[in-house]
Amino acid sequence: QVQLVESGGGLVQAGGSLRLSCATSGRTIGTYSMGWFRQAPGKERDFVAAISWSRSDTYYADSVKGRFTISRDNAKTTVYLQMNSLKPEDTAVYYCAARSRGTNYAASGNYGYWGQGTQVTVSS
């Protein structure tokens with residue numbers, strides 16, 4: 001069983017930074033590619049960033065490229081999302097997910113395990 005628990009969300013002013021963490025558990029979690037998605041009120045869940053199981057490949061949505069950085073620790077048990085230069089449009093619930101099938105890192109349907117989400121609110 002794979003479990004994911006996000007933390008680190010909160011309220012920040014525009015231009016500020018936050019670091020989200022995703023604590024993972026499960027015997028084979030280190031073999032999963034991991035992703036972050038976000039969902040704003042009334043909108044669909046959107047891809048934000050992903051990292052391969054080997055940590056050698058990272059992918060970003062155009063809207064966050066250059067501002068956000070995804071990483072995972074050496075033990076591959078925690079995934080981070082460093083968010084800098086935050087904008088009000090980054091306000092959303094952020095979800096950590098483990099990709100269990102397929103090769104499209106941006107497709108939420110390829111992620112079989114999800115955390116409960118953490119709220120990020122950016123004030124203008």
Side-chain angles (χ1 to χ4, degrees):
Q1 183 72 14
V2 173
Q3 292 185 322
L4 310 175
V5 179
E6 302 97 332
S7 61
L11 173 64
V12 64
Q13 288 188 331
S17 298
L18 282 175
R19 189 174 82 154
L20 306 183
S21 298
C22 174
T24 69
S25 63
R27 287 185 299 173
T28 60
I29 190 62
T31 64
Y32 287 92
S33 294
M34 302 293 295
W36 286 95
F37 289 75
R38 66 186 182 186
Q39 188 167 20
K43 295 188 177 181
E44 294 184 351
R45 190 170 297 188
D46 291 332
F47 168 75
V48 175
I51 187 167
S52 64
W53 70 270
S54 65
R55 300 182 294 138
S56 62
D57 299 307
T58 56
Y59 310 91
Y60 297 94
D62 288 342
S63 59
V64 307
K65 203 170 292 184
R67 300 188 298 122
F68 291 11
T69 303
I70 188 171
S71 62
R72 63 196 303 176
D73 65 351
N74 289 339
K76 301 177 185 176
T77 58
T78 304
V79 181
Y80 303 98
L81 185 67
Q82 177 67 43
M83 305 186 296
N84 299 328
S85 303
L86 283 162
K87 304 175 182 180
E89 51 264 44
D90 295 318
T91 295
V93 177
Y94 283 71
Y95 297 90
C96 173
R99 182 159 61 88
S100 55
R101 55 185 170 269
T103 58
N104 185 347
Y105 53 83
S108 60
N110 284 341
Y111 290 77
Y113 304 98
W114 293 83
Q116 82 290 348
T118 186
Q119 176 70 48
V120 171
T121 303
V122 184
S123 63
S124 57

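What you see is a predicted model; the values in this text were computed from it and never measured.
Within 6.0 Å of the CD atom in E44, the count of heavy atoms belonging to other residues, nucleotides or ligands does not exceed 12.
You'll find the side chain of M83 reaches within 4.5 Å of the side chain of Y94, heavy atoms only. Inter-residue side-chain proximity for V12 and T121 is flagged as unmet; no heavy-atom pair is nearer than 4.5 Å. By the 4.5 Å heavy-atom criterion applied to side chains, V122 and K87 are not counted as neighbours. L18 has its side chain within reach of L86: a pair of non-hydrogen atoms, C-beta onward, lies under 4.5 Å apart.
The side-chain contact (heavy atoms from CB on, under 4.5 Å) search around S25 returns Q3, not counting sequence neighbours. R67 pairs by the salt bridge (charged side-chain N to carboxylate O under 4.0 Å, His left out) definition with D90, not counting sequence neighbours. Here K65 pairs with D62 under the salt bridge (charged side-chain N to carboxylate O under 4.0 Å, His left out) rule; sequence neighbours left out.
Using a distance-only test at 3.5 Å, with no hydrogens or angles considered, a donor-acceptor pair links the side chain of S100 to the main chain of G112.
Remark: R99 fails to qualify as a cation-pi partner of Y105 under the 6.0 Å distance and 45° angle criteria applied to the six-membered ring.
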- [ ] Before giving the answer on side chain to side chain contact (heavy atoms under 4.5 Å, CB included), spell out for T24 and V2 the whole-Å C-alpha distance, their side-chain angles and the decisive distance to 0.1 Å.
- [x] CA-CA 7 Å; T24 69; V2 173; 5.7 Å; no

- [ ] Just do the side chain to side chain contact (heavy atoms under 4.5 Å, CB included) check on R38 and S63 with the steps written out, would you?
- [x] CA-CA 12 Å; R38 66 186 182 186; S63 59; 3.5 Å; yes

- [ ] Given side chain to side chain contact (heavy atoms under 4.5 Å, CB included), test Q39 with D46 step by step and report yes or no.
- [x] CA-CA 6 Å; Q39 188 167 20; D46 291 332; over 6 Å; no

Task: Steps toward side chain to side chain contact (heavy atoms under 4.5 Å, CB included) verdict (V79, I70) - done: CA-CA 7 Å; V79 181; I70 188 171; 4.1 Å; yes

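Residues S17 and N84 come closest through the heavy atom pair OG-OD1, 2.9 Å. Across all non-hydrogen atoms, the minimal contact from G9 to L20 is N-CD2, 3.6 Å. In plain terms, the two heavy atoms of P88 and S124 that are nearest each other are CG-CB, 3.8 Å.
Residues L4 and V48 are members of one and the same hydrophobic cluster, defined by side-chain heavy-atom contacts under 4.5 angstrom among Ile, Leu, Val, Met, Phe, Trp and Tyr. Under a hydrophobic clustering in which Ile, Leu, Val, Met, Phe, Trp and Tyr are joined whenever their side-chain heavy atoms come within less than 4.5 Å, directly or via other members, I51 and W53 fall into different clusters. Neither Y80 nor Y60 shares a network with the other; the hydrophobic side chains, linked directly or stepwise wherever heavy atoms of I, L, V, M, F, W or Y lie under 4.5 Å apart, form separate groups for each.
W114 contributes atom CH2, which lies 11.0 Å from atom SG of C22 (distance to the nearest 0.5 angstrom). Atom CD of E6 sits about 12.0 Å away from atom CD of Q119, to the nearest 0.5 Å. The distance from the OG atom of S52 to the CE atom of M34 is 12.0 Å, given to the nearest 0.5 Å. Taken from CG in L81 to CZ in F68, the straight-line distance is 6.0 Å, to the nearest 0.5 Å. Rounded to the nearest 0.5 Å, atoms OH (Y95) and CH2 (W36) are 12.0 Å apart. T78 contributes atom OG1, which lies 4.5 Å from atom CG of D73 (distance to the nearest 0.5 angstrom).
Taking the six-membered ring for Trp and the full ring otherwise, F47 and F37 have centroids separated by under 6.0 Å. Note: Y32 and Y113 meet the aromatic proximity criterion, with ring centroids under 6.0 Å apart.
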